[in-house]
Amino acid sequence: MSNPTPSAKAFVPFVSVDHMMKLIHHIGIAPMLRGICDRIEDDFRRWPLFDKTPRVASHSDVGVIELMPTSDGDVYGFKYVNGHPDNTKDGLQTVTAFGLLSDVASGYPVLFSEMTILTALRTAATSALAARVLAPEGSTVMAMIGNGAQSEFQSLAMQAIVGISEVRLFDIDPAATEKAARNLVSSGLKITQCSSAEEAILGAQIITTCTADKQYATILTDNMVGAGVHINAIGGDCPGKTELAPAILHRADIFVEYPEQTRIEGEIQQLDADHPVTEFWEVLTGTAKGRTNEKQITLFDSVGFAIEDFSALCYVRDAIKGTDFFTPLDMLADPDDPRDLFGMVARAK
Ligand code: NAD
């Protein structure tokens with residue numbers, strides 16, 4: 001007997017890595033970064049509507065595996081993501097991810113997608129959204145410390161969304177800096193390769209730290225950070241994994257995604273639990289202040305929050321409509337009689 005054909009509602013659109021790359025080239029990376037940024041901004045503006053929880057993390061000596069769920073009441077989403085700083089030594093990536101959206105009314109999945117590339121896009125779009133609001137007016141130069149997988153995406157988002165024109169690259173591994181410089185050569189950005197973090201921050205209004213090391217690292221020391229800069233600290237995103245000297249945190253006004261998660265994972269894990277921080281969504285809605293003067297050091301203590309993944313998945317769900325950039329995936333059992341699951345299995349013999 002032939003296999004029963006599942007109905008259209010049982011097929012879930014699956015966006016593979018290959019589809020995601022084609023989608024990026026179809027839309028263009030700058031418009032896609034701007035589109036995801038707009039979607040994140042819209043969702044941050046309706047922040048109270050969302051279910052929120054710190055991500056569920058399973059730690060090991062070498063890394064972490066996490067689940068990041070949220071829902072706006074109509075759509076539910078989650079991401080699976082890992083963080084393994086030593087992976088690159090074995091030819092594997094530090095961060096890989098995939099994610100899913102579901103219809104809350106039926107519980108049926110409506111999108112299944114690769115999210116390794118999408119995470120790089122959404123992290124870059126979130127950084128740029130924060131910098132657009134918090135960085136000094138007219139910022140043109142960014143120091144990019146840590147030139148791994150995220151770094152080109154971060155640079156291009158700052159160009160597309162904030163309008164920077166120069167990136168100053170530094171990594172402890174010169175091959176990583178070479179790679180980033182090569183990848184950004186036709187971006188229109190002025191690229192300066194630096195031999196130290198101190199050199200990279202010269203003249204930069206925005207400092208992005210995006211290094212991977214499972215320890216309390218000190219990528220920036222207190223004396224390196226002058227008045228008025230915006231720091232976009234991305235790499236410290238796990239308990240015991242930070243990038244900034246604590247003294248910097250005491251001089252900065254700190255903006256976070258979801259405090260309950262950031263206090264566990266972010267730079268502020270180094271501070272007292274009641275140290276004041278501002279929730280970034282409140283700056284967007286106007287209920288909290290962002291940058292108030294040109295001497296202020298603003299710090300976006302980014303760890304990555306589920307709503308950003310939800311926004312990025314919703315962007316992809318809409319963007320693939322009418323395209324071939326997905327495969328209908330037979331991942332939901334769909335018996336003719338919903339209660340006859342066994343009969344469907346038996347007839348498939
Ligand atoms: P990656 O391993 O590809 O790159 C990290 C780079 O940091 C490497 O090139 C490494 O040589 C460099 N590095 C390590 N120590 C350094 C130091 N002391 N000074 C300068 N460079 C140093 O990793 P990736 O995918 O680019 O991710 C970077 C970090 O960002 C990871 O820790 C990851 O967990 C984090 N991350 C955060 C978010 C977020 O939303 N906040 C999202 C994605 C990744």
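All values reported here derive from a predicted model rather than from experimental measurement. In listed order, ligands and their atoms are each counted from 1.
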Self-check item: Shortest protein heavy-atom distance from atom 42 (C) of ligand 1, along with the residue and atom involved
Solution: T123 OG1, 3.3 Å

Self-check item: Residues D309 and R122 bridged, charged N to O under 4.0 Å
Solution: yes

Quiz item: Is the closest basic N to carboxylate O distance between E41 and R132 below 4.0 Å?
Solution: yes

Self-check item: Protein residue, atom and distance nearest to atom 4 (O) of ligand 1, heavy-atom basis
Solution: G148 CA, 3.2 Å

Quiz item: Can you tell me the protein heavy atom closest to atom 17 (C) of ligand 1 and the distance?
Solution: I219 CD1, 3.6 Å

Quiz item: Of all the non-hydrogen atoms in the protein, which one sits nearest to atom 3 (O) of ligand 1, and at what distance?
Solution: A149 N, 2.9 Å

Could you list the donor-acceptor pairs under 3.5 angstrom formed by side chains in residues 138-145, with sequence neighbours left out?
residue	atom	partner	partner atom	Å
S139	OG	P136	O	2.6

Quiz item: Out of I172, L92, D213, whose heavy atom sits nearest atom 13 (N) of ligand 1?
Solution: I172

Exercise. Indicate yes or no: does an N/O atom of G235 lie under 3.5 Å from an N/O atom of ligand 1?
Key: yes

Quiz item: Does any N/O atom on S302 come nearer than 3.5 Å to any N/O atom on ligand 1?
Solution: yes

Quiz item: Short list, please: which atoms of ligand 1 are under 4.0 Å from a heavy atom of K241?
Solution: 31 (C), 32 (O), 33 (C), 34 (O)

Quiz item: Checking ring pair (Phe, Tyr, Trp, His ring centres under 6.0 Å) for the pair Y76/F310: CA distance, chi angles, key distance, verdict?
Solution: CA-CA 8 Å; Y76 170 92; F310 175 96; 8.9 Å; no

Exercise. Quick one: sort the Y258 and W47 rings into parallel, tilted or perpendicular, breaks at 30° and 60°.
Key: tilted

Practice problem: Output yes when the distance from some N or O of ligand 1 to some N or O of A176 is under 3.5 Å, and no in every other case. | Solution: no

Quiz item: Where does the angle between the aromatic ring planes of F112 and F14 fall among parallel (under 30°), tilted (30 to 60°) and perpendicular (over 60°)?
Solution: tilted

Practice problem: Please confirm whether P85 comes within less than 3.5 Å of ligand 1 when only nitrogen or oxygen atoms on both sides are compared. | Solution: no

Self-check item: Numbering as shown, the atoms of ligand 1 that approach T94 to under 4.0 Å (heavy-atom distance)
Solution: 1 (P), 2 (O), 23 (O)

Quiz item: Would you call R347 and D340 a salt bridge, using N to O less than 4.0 angstrom?
Solution: yes

Quiz item: Between D171 and ligand 1, does any nitrogen or oxygen pair lie at a separation below 3.5 Å?
Solution: yes

Exercise. Considering only NZ, NE, NH1 and NH2 on the basic side and carboxylate oxygens on the acidic side, decide whether K289 and D253 come within less than 4.0 Å.
Key: no

Quiz prompt | Closest protein heavy atom to atom 7 (O) of ligand 1, given as residue, atom name and distance to 0.1 Å | solution = T211 CA, 3.4 Å

Quiz item: Between T211 (side chain) and G235 (backbone), is there a donor-acceptor pair under 3.5 Å?
Solution: no

Exercise. State whether D42 and R39 are salt-bridged, where the test is any N-O pair (Lys NZ or Arg NE/NH1/NH2 against Asp/Glu carboxylate O) under 4.0 Å.
Key: no

Quiz item: Between E308 and ligand 1, does any nitrogen or oxygen pair lie at a separation below 3.5 Å?
Solution: no

Practice problem: Check R122 against ligand 1 and report side chain, backbone, both or neither, counting heavy atoms closer than 4.0 Å. | Solution: side chain

Quiz item: In ligand 1, which numbered atoms sit nearer than 4.0 Å to a non-hydrogen atom of V303?
Solution: 39 (C), 40 (O), 41 (N)

Exercise. Starting from atom 35 (C) of ligand 1, locate the nearest protein heavy atom and write down its residue, its atom name and how far away it is, to 0.1 Å.
Key: D237 OD2, 3.3 Å

Practice problem: Using a strict 4.0 Å threshold on nitrogen-to-oxygen distance, state whether E265 and R55 make a salt bridge. | Solution: yes

Quiz prompt | Protein contact of atom 38 (C) of ligand 1 - nearest heavy atom, named by residue and atom, plus distance | solution = I234 CG2, 3.5 Å

Practice problem: Report yes or no: does C210 have a heavy atom closer than 4.0 Å to ligand 1? | Solution: yes

Side-chain polar contacts of residues 22-36 - donor-acceptor pairs under 3.5 angstrom, sequence neighbours left out - could you list them?
residue	atom	partner	partner atom	Å
K22	NZ	D18	OD2	2.8
R34	NH1	A160	O	3.3

Quiz item: Would you call K79-E66 a salt bridge at under 4.0 Å N-O?
Solution: no

Quiz item: To which protein heavy atom is atom 25 (O) of ligand 1 closest, and what is the distance rounded to 0.1 Å?
Solution: Q150 NE2, 2.9 Å

Practice problem: Answer with yes or no whether Q93 contacts ligand 1, where contact means a heavy atom under 4.0 Å from a ligand atom. | Solution: no

